[in-house]
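Inspection log for the structure reproduced underneath, given as structure tokens.
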Protein chains: 2
Amino acid sequence: MPDLPTERTSEISDDGEDLCCDLPHNGSAASTQQLQQAPLSSEKAQRMAEFLGFLADPNRLRILSILAEQEMCVGDLAMAVGMNESAVSHQLRTLRTIRLVSSRKQGRHVFYRLQDDHVFNFYQAVVEHLDEPAK
Amino acid sequence: MPDLPTERTSEISDDGEDLCCDLPHNGSAASTQQLQQAPLSSEKAQRMAEFLGFLADPNRLRILSILAEQEMCVGDLAMAVGMNESAVSHQLRTLRTIRLVSSRKQGRHVFYRLQDDHVFNFYQAVVEHLDEPAK
DNA sequence: CCAACATCTGAATTACTGTTCAGATATTAA
DNA sequence: TTAATATCTGAACAGTAATTCAGATGTTGG
């Protein structure tokens, strides 16, 4: 894990009386609390984190990047991303569970594809996000 | 990242519809591989996963949701999200390290805010994504 | 100076997640 | 039917990440 060079360059030291922490923190919860809309509800934050978490894996992203182009079966996917089939199958189960992909069976093969345009669009958004220049 | 060691040596077995796996997988890579573009490079997938992974935590999202509204210091953030200050500080260090937030020091307080509009916009995109109806 | 406060840090514990392994299920050809 | 293929599954393992804890650093007021 990267570490930050512990930057501690502050010369400001006027008595910051004007903003929030005029009182000791643990006693003045109420006064502090009225200042904004509540943070993301725990429940919603949970859903968001879950969704992002499912996207936040290199191998899953590579799988999705392929499925964004074309439908593909498990074995070929495994080959394309360089994982063994069991691992791919596990990941696909995950992706299927949360409805990021759907599947259709044909003979002994199971073909996977992105669940819908919504998924595709979001995937594209992330790609473009990181493609941006001067990041 | 291991390669698939499984050996498949068999024959064609068509069931009337031809898509990919007419041949055992490892022999027919070329025919299978007419992907328009290679899957996401490992390196890029890694970066994407890293970025998404940093977002994929309920507490970090709640912190960001607050900072999307206004600058805030550590103690107040801790109170707002219901974590102790040490945990928040750890998370903020993470967020600072990857440049999702920046900070300014004022007296004994350190105020955090979103690093830039880019971060804000992406955060909003995720929020809207999950706000969508009939998901 | 000292005491209270705000934040930060490292280490340890805990919790989570992805992969591997061994084997189960299902489909098809011979 | 059996053998080969394709996929799936659960359990164990390994690596990673988040939280807690105890204490360190820096800041302000008395």
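So you know, we letter chains A, B, ... as the sequences are listed, proteins then strands, and number each from 1.
A donor-acceptor distance shorter than 3.5 angstrom exists from the side chain of T97(A) to the backbone of R93(A), with no hydrogens or angles considered. For R62(B) (side chain) and V81(B) (main-chain N/O), a donor-acceptor pair under 3.5 Å exists by modelled atom type.
The side chain of H109(A) lies closest to dT7(D) when the candidates are dT7(D), dT19(D), dT27(C). Out of dT7(D), dG18(C), dC8(C), the shortest distance to the side chain of D57(A) is found at dG18(C). Here the side chain of R108(A) is nearest to one of dT7(D), dT20(C), dT28(C), namely dT28(C). In the set dT19(D), dT19(C), dT27(C), dT19(C) carries the atom at the smallest distance from any side-chain atom of N59(A).
We find that CG of L55(B) is positioned 16 Å from C1' of dA17(D), with the value rounded to whole Å. Whole-Å rounding puts the F111(B) CZ to dA6(C) C1' distance at 11 Å. Look at CD on E85(B): it is 14 Å from P on dC21(D), rounded to the nearest Å. The interatomic distance linking R93(A) (CZ) with dT20(C) (P) rounds to 15 Å, in whole Å. Protein atom CG of L77(A) is 14 Å distant from nucleotide atom P of dA6(D), rounded to whole Å. We find that CG of L92(B) is positioned 10 Å from C1' of dT7(C), with the value rounded to whole Å. Nucleotide dC5(C) holds its P atom 15 Å from the CG atom of D76(B), rounded to whole Å. dT27(C) atom C1' lies 16 Å from atom CZ of R104(A), rounded to whole Å.
A close approach under 4.0 Å does not occur between any side-chain nitrogen or oxygen of N84(A) and OP1 or OP2 of dT19(C). At the phosphate of dG18(C), OP1 or OP2 sits under 4.0 Å from a side-chain N or O atom of R60(A). Phosphate contact (OP1/OP2 of dA6(C), side-chain N/O of Y112(B), threshold under 4.0 Å): absent. Contact annotation: Q91(B) side-chain N/O to dT19(D) OP1/OP2 distance is under 4.0 Å.
Taking for each of T94(B) and S86(B) the nucleotide of DNA chain D with the nearest heavy atom, the 5'-most of the two is the partner of T94(B). Nearer the 5' end of DNA chain C, as judged by each residue's closest nucleotide, is the contact made by G53(A), out of K105(A) and G53(A).
The distance from atom CZ of F54(A) to atom CD of Q91(A), rounded to the nearest 0.5 Å, is 10.0 Å. Here CD of Q46(B) is found 9.0 Å from CG of N59(A). Values are rounded to the nearest 0.5 Å.
Using a 4.0 Å heavy-atom cutoff across all strands shown, F54(A) reaches no nucleic acid atom at all.
Remark: ring of H90(B) stacked against base of dT9(C); centroid gap under 5.5 Å, plane tilt under 30°.
With contacts defined as side-chain heavy-atom distances shorter than 4.5 Å, the pair M72(A)/R113(A) does not qualify.
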